[in-house]
Amino acid sequence: MVDDYFGRDAVTVARAMIGATLLVDGTGGVIVETEAYSRDDPASHSYSGESRRNRSMFGPAGRAYIYRSYGIHWCLNVVCGAPPGGHAVLIRAIEPIAGIDLMRRRRGCEAIDRLCSGPGRLGQALGIGPLHDGLELAEAPFSFRPPVAAAPIIAGPRIGITRGADRPWRFGLAASPFLSRPFPAEV
DNA sequence: GGTATGATTGACT
DNA sequence: GTCAATCATACCA
């Protein structure tokens, strides 16, 4: 089940995760924005091979890869693809559904459309930290449920990268108010 | 050994 | 629009 879903290539998994439900210790909601990163992708942390930081990316699919962004934020990825690995999907935005009050306190923010809209904000709202690195999404404290029905998906270039910027590997739930930023097509 | 860069965000002009 | 916060990693000497 886990391999059938997360064992596919990063782009396929990134699209398939739009509309899925993700909870961490009972906080979270519906995934509305993702980005794909692959082993031979200049923008990927795995591009230069395995290191201390990215070792989770080279482990089994279906586990979390957590990294520190700009020395400040914790960002959540899901490892995917087949061995030897190096592929992952960055979760960039979630529509808050569960544990909203707790997420507001963690974020120090009232606006619901800024609670989990952005990889750093999402990590803070869900209480993500280095202890989650390498954990299975199918087991506590995580809870992952694939989409019930097919979601209308929009694609565009990934955000905040310089190399590999031409790959349209950012995916979102069309017209969602909870995207971290609008897609070029809907500006 | 030193230094520049980044899958970001929030505050400020 | 600009810029600081803050640190692991990459790259160069």
Side-chain angles (χ1 to χ4, degrees), chain A residues 6 9-18 20 22 24 27 31-59 61 63-81 85-96 103-134 137 153-173 176-184 187:
Chain A
F6 292 113
D9 69 277
V11 172
T12 300
V13 175
R15 297 186 69 105
M17 287 177 67
I18 300 297
L22 175 71
V24 182
T27 61
I31 297 173
V32 298
E33 185 181 338
T34 60
E35 283 179 0
Y37 290 88
S38 68
R39 177 68 177 82
D40 63 350
D41 170 11
S44 175
H45 289 168
S46 60
Y47 186 64
S48 299
E50 187 173 350
S51 68
R52 182 182 180 85
R53 174 173 71 157
N54 67 19
R55 72 188 190 287
S56 292
M57 283 187 81
F58 292 86
R63 296 191 182 184
Y65 162 51
I66 312 292
Y67 74 92
R68 202 142 156 80
S69 175
Y70 288 88
I72 301 172
H73 306 101
W74 294 102
C75 298
L76 170 63
N77 297 252
V78 183
V79 180
C80 59
H87 313 280
V89 172
L90 170 68
I91 302 175
R92 288 191 54 91
I94 283 178
E95 176 179 346
M103 293 195 288
R104 279 199 169 113
R105 287 199 295 275
R106 285 169 172 162
R107 291 267 301 113
C109 166
E110 286 293 317
I112 195 165
D113 60 351
R114 289 185 188 174
L115 276 189
C116 307
S117 296
R121 294 168 176 172
L122 183 157
Q124 185 181 21
L126 271 56
I128 293 293
L131 297 180
H132 296 95
D133 189 49
L137 256 71
I153 293 175
I154 189 169
R158 293 173 292 181
I159 293 178
I161 59 172
T162 52
R163 295 163 297 182
D166 56 318
R167 305 189 187 198
W169 286 0
R170 176 186 177 221
F171 304 98
L173 179 64
S176 169
F178 300 98
L179 298 174
S180 64
R181 293 181 49 182
F183 279 75
V187 170

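All chains are named by letter (A, B, ...) in the order of the sequence lines, taking the proteins before the strands, and each is independently numbered beginning at 1.
OP1 or OP2 of B:dT8 has at least one side-chain nitrogen or oxygen of A:Arg92 nearer than 4.0 Å. Contact between the side-chain N/O atoms of A:Arg107 and the OP1/OP2 oxygens of B:dG10 is found at a separation under 4.0 Å. For B:dG6, the OP1/OP2 oxygens have a side-chain nitrogen or oxygen of A:Thr162 closer than 4.0 Å. Note on A:Arg121: a side-chain N or O is less than 4.0 Å away from OP1 or OP2 of B:dG10. In terms of phosphate contacts, A:His73 brings no side-chain nitrogen or oxygen within less than 4.0 Å of OP1 or OP2 of B:dT9.
Inter-residue side-chain proximity for A:His87 and A:Asp9 is flagged as unmet; no heavy-atom pair is nearer than 4.5 Å. In this structure the side chain of A:Arg167 reaches within 4.5 angstrom of the side chain of A:Asp41, judged on heavy atoms.
Shortest non-hydrogen contact noted between A:Gly134 and A:Arg63 is O-CD, 3.2 Å.
Note on A:Ile161: only backbone sugar-phosphate atoms sit closer than 4.0 angstrom, heavy atoms only; bases stay farther off.
B:dA7 has its base stacked against the ring of A:Tyr37, the centroids being under 5.5 angstrom apart at an interplanar angle below 30°.
With rounding to whole Å, A:Asn54 atom CG is found 8 Å from C:dA10 atom P. Rounded to an integer number of Å, the gap from A:Arg53 CZ to C:dA10 P is 7 Å. In this structure, the CD1 atom of A:Ile72 is 14 Å from the P atom of B:dA7, given to the nearest Å. In this structure, OH of A:Tyr65 is placed 10 Å from P of B:dA7, rounded to the nearest angstrom. Atom pair A:Arg52:CZ and C:dT9:P shows a separation of 7 Å (rounding to whole Å applied). In this structure, A:Ile128 atom CD1 and B:dT9 atom P are separated by 14 Å, rounded to whole Å. Between the CZ atom of A:Arg167 and the C1' atom of B:dA7 there is a distance of 14 Å, given to the nearest Å. The interatomic distance linking A:Glu35 (CD) with B:dT8 (P) rounds to 7 Å, in whole Å.
Nucleotides C:dG1 and B:dA7 are separated by 23 Å at their C1' atoms, to the nearest Å. Taking the C1' atom of each, B:dG10 and C:dA8 are spaced 22 Å apart, rounded to whole Å.
Atom CD1 in A:Ile94 sits 4.5 Å away from atom CG in A:Leu22 (nearest 0.5 Å). Note that the OG atom of A:Ser48 and the CG atom of A:Asn54 stand 8.5 Å from one another [nearest 0.5 Å].
Between A:Ser69 and A:Arg163, it is A:Ser69 whose nearest contact on DNA chain C lies nearer the 5' terminus.
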Show your reasoning for whether side chain to side chain contact (heavy atoms under 4.5 Å, CB included) applies to A:His45 and A:Tyr37. CA-CA 8 Å; A:His45 289 168; A:Tyr37 290 88; over 6 Å; no

Begin from the C-alpha positions of A:Asp133 and A:Ser56 and carry the test side chain to side chain donor-acceptor pair (under 3.5 Å) through to its verdict. CA-CA 7 Å; A:Asp133 189 49; A:Ser56 292; 3.0 Å; yes

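Distance from the side chain of A:Met57 is smallest to B:dA7 among B:dA7, C:dA5, C:dA10. Distance from the side chain of A:Ser44 is smallest to B:dA7 among B:dG6, C:dT9, B:dA7.
Residue side chain A:Tyr67 reaches the base of B:dA7 through a donor-acceptor N/O pair under 3.5 Å, judged by distance alone.
Other residues, nucleotides and ligands place more than 12 heavy atoms under 6.0 Å from the CZ atom of A:Arg39.
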State the dot-bracket string of DNA chain C. Criteria: Watson-Crick or G-U wobble, both atom distances under 3.5 angstrom; notation: ( ) intrastrand, [ ] crossing earlier pairs, | interstrand, . unpaired. |||||.||||||.

